[in-house]
Amino acid sequence: AFPLDSTESVDTDSDGTGNNADTDDDNDGLADSEDDNPLTADAVTVTLNGDVANGEVTPSTNQMFNAGKTLAITLLPENGYRAVISGCGGAQVKGTYTTAVVTENCTISVSFEAWMIGDRYQVFGNGNIIRDVVNGLEWMRCAEGLSWDSNTESCTGNIINYYYSSAANYQGPSGFRLPTIDELNSLVYCSSGQPADYDKQTSTACEGVFQTPAIDAQAFPGTQSGRFWSSTVADGDASSQQQLDFSNGAIVTDLANNA
């Protein structure tokens, strides 16, 4: 033992083991082989806490390193979930959370929660798909012709107007199709609460003072205040189809050969 061992001349941390034999000369918990400053006790620990069900975190264990550095954590939530993470002065950009420069021990809390808009809609994919958790229907978040931009969380492009003959034959990605009028009507949101906020169960328009278009604008950004075709034939008129007018939430009819 130091200082009796003739091969040793220094014991930086005064632990009785000379630096030649000691694997942690500064006794800061960080092995000399991994320590940028093996003679200076400057190691810090980032502790990871939380419930990581419904996703993956990399690295997934507590991390020790020299003070003065940042730590990047990769987040991979399961479909329909998103990461909730905080601590160590960090910030999240898409799927990566990067701490501030760490100068002392700190803790990061992370979990994955259902990606919800209010208590009605769950978000899937990269944000481009919405599931109505009340009735189980899934919707493309943007009207046809628009594309979902996950960076701005908005729909971009130009809406395509269809004749019914084209709309009736629509086959969208992942099996999406033209909805029935009852399915479309389930999307109507009357912000006035009249006759109901959701599920108004009538063909009439929203009443009172309400926002337009009559749909949850956060769930379905870029929806125009206009009419959308349904696959439902108008009562008593085989040449007409029912439509949903999102300018007021009413169910209307129109000739199938109109755009």
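What's counted below: heavy atoms across the whole structure, side chains too, no hydrogens, waters or symmetry copies.
- In this structure a side-chain-to-backbone donor-acceptor pair under 3.5 Å is missing from Asn105 to Val44.
- Side-chain atoms of Thr12 and Asn19 form a donor-acceptor pair, as typed in the model, at a separation below 3.5 Å.
- In this structure, OG1 on Thr98 lies 8.0 Å from CG on Leu71, to the nearest 0.5 angstrom.
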In a table with atom names and distances, give each donor-acceptor pair under 3.5 Å that connects a side chain of residues 107-117 to protein atoms at least two apart or in another chain.
none

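- The CG atom of Asp254 sits 12.0 Å away from the CD atom of Gln242 when rounded to the nearest 0.5 Å.
- The shortest distance between side-chain heavy atoms of Asn161 and Gln224 falls below 4.5 Å.
- Taking OG of Ser230 as the start and OH of Tyr164 as the end, the distance is 7.0 Å to the nearest 0.5 Å.
- Here the side chains of Tyr121 and Val133 are not in contact, with every heavy-atom distance at 4.5 Å or above.
- Residues Val134 and Leu137 are members of separate hydrophobic clusters, defined by side-chain heavy-atom contacts under 4.5 angstrom among Ile, Leu, Val, Met, Phe, Trp and Tyr.
- The side-chain contact (heavy atoms from CB on, under 4.5 Å) test applied to Thr40 returns Asn37, Asp42, not counting sequence neighbours.
- Taking each heavy atom of Ser186 and Asn135 in turn, the nearest pair found is OG-ND2, 3.6 Å.
- Proximity of Asp35 to Asn66: side-chain heavy atoms (C-beta onward) are separated by under 4.5 Å at one or more points.
- Here the side chain of Asp15 pairs no donor or acceptor atom with the backbone of Asp11 at under 3.5 angstrom.
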Quick one: side chains of residues 76-94, donor-acceptor pairs under 3.5 Å with protein atoms, not counting sequence neighbours, listed by atom name and distance.
unit_1, atom_1, unit_2, atom_2, d
Asn79, OD1, Gly125, N, 2.7
Gln92, NE2, Lys94, O, 2.8
Lys94, NZ, Asn151, OD1, 2.8

When the side chains of residues 211-222 are checked against the rest of the protein, which donor-acceptor pairs come out under 3.5 Å, sequence neighbours left out?
unit_1, atom_1, unit_2, atom_2, d
Gln211, NE2, Ile215, O, 3.2
Asp216, OD1, Gln218, N, 3.0
Asp216, OD1, Ala219, N, 3.1
Asp216, OD2, Tyr198, OH, 3.1

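- Listed here is the closest heavy atom pair of Asp32 and Pro38: OD1-CB, 3.7 Å.
- Distance check, rounded to the nearest 0.5 Å: CG of Leu187 to CG of Leu184 gives 6.0 Å.
- Taking the side chain as every heavy atom from C-beta outward, Val188 and Lys200 approach each other to under 4.5 Å.
- Each disulfide (SG to SG under 2.5 Å) pair with one or both residues in residues 192-221, not counting sequence neighbours, appears once here: Cys190-Cys206.
- Shown here are the ring pair (Phe, Tyr, Trp, His ring centres under 6.0 Å) partners of Phe228, two or more places apart in sequence or in another chain: Phe246.
- Leu75 places none of its side-chain heavy atoms less than 4.5 Å from the side chain of Thr96.
- The side-chain heavy atoms of Tyr170 and Ser231, taken from C-beta on, include no pair separated by under 4.5 Å.
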Atom pairs and distances, side-chain donor-acceptor, residues 49-59, under 3.5 Å, sequence neighbours left out:
unit_1, atom_1, unit_2, atom_2, d
Asp51, OD1, Ala53, N, 3.0

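- Listed by chain and residue number, Tyr162 satisfy the side-chain contact (heavy atoms from CB on, under 4.5 Å) test with Ser166 (two or more places apart in sequence, or in another chain).
- A distance of 6.0 Å separates OG1 of Thr204 from CD of Glu207, quoted to the nearest 0.5 Å.
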Does the pair Arg177 and Glu183 meet the rule for a salt bridge (charged side-chain N to carboxylate O under 4.0 Å, His left out), with working shown?
CA-CA 11 Å; Arg177 56 166 174 78; Glu183 290 168 341; 2.9 Å; yes
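- Although no hydrogens or angles enter the test, the distance criterion places no donor-acceptor pair under 3.5 Å between the side chain of Asp24 and the main chain of Ala31.
- To the nearest 0.5 Å, the span separating OG1 on Thr223 from CD1 on Ile159 amounts to 7.0 Å.
- Residue pairs satisfying the salt bridge (Lys or Arg N to Asp or Glu O under 4.0 Å) criterion with at least one member in residues 60-69, sequence neighbours excluded, are listed as follows: Asp36-Lys69.
- Inter-residue side-chain proximity for Ser191 and Asp197 is flagged as unmet; no heavy-atom pair is nearer than 4.5 Å.
- With contacts defined as side-chain heavy-atom distances shorter than 4.5 Å, the pair Thr47/Cys106 does not qualify.
- Considering only residues two or more places apart in sequence or on other chains, Asp235 meets the side-chain contact (heavy atoms from CB on, under 4.5 Å) condition with none of them.
- Partners of Asn126 according to the side-chain contact (heavy atoms from CB on, under 4.5 Å) rule, which considers only residues two or more places apart in sequence or in another chain, are Asn128, Trp148, Ser150.
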Taking it one step at a time, do Val233 and Gln241 satisfy side chain to side chain contact (heavy atoms under 4.5 Å, CB included)?
CA-CA 4 Å; Val233 177; Gln241 294 291 130; 3.4 Å; yes
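- Thr180 and Asp182 share no side-chain donor-acceptor pair at under 3.5 Å.
- Membership of the apolar cluster around Met64 extends to Leu30, as traced through chained side-chain contacts below 4.5 Å between ILVMFWY residues.
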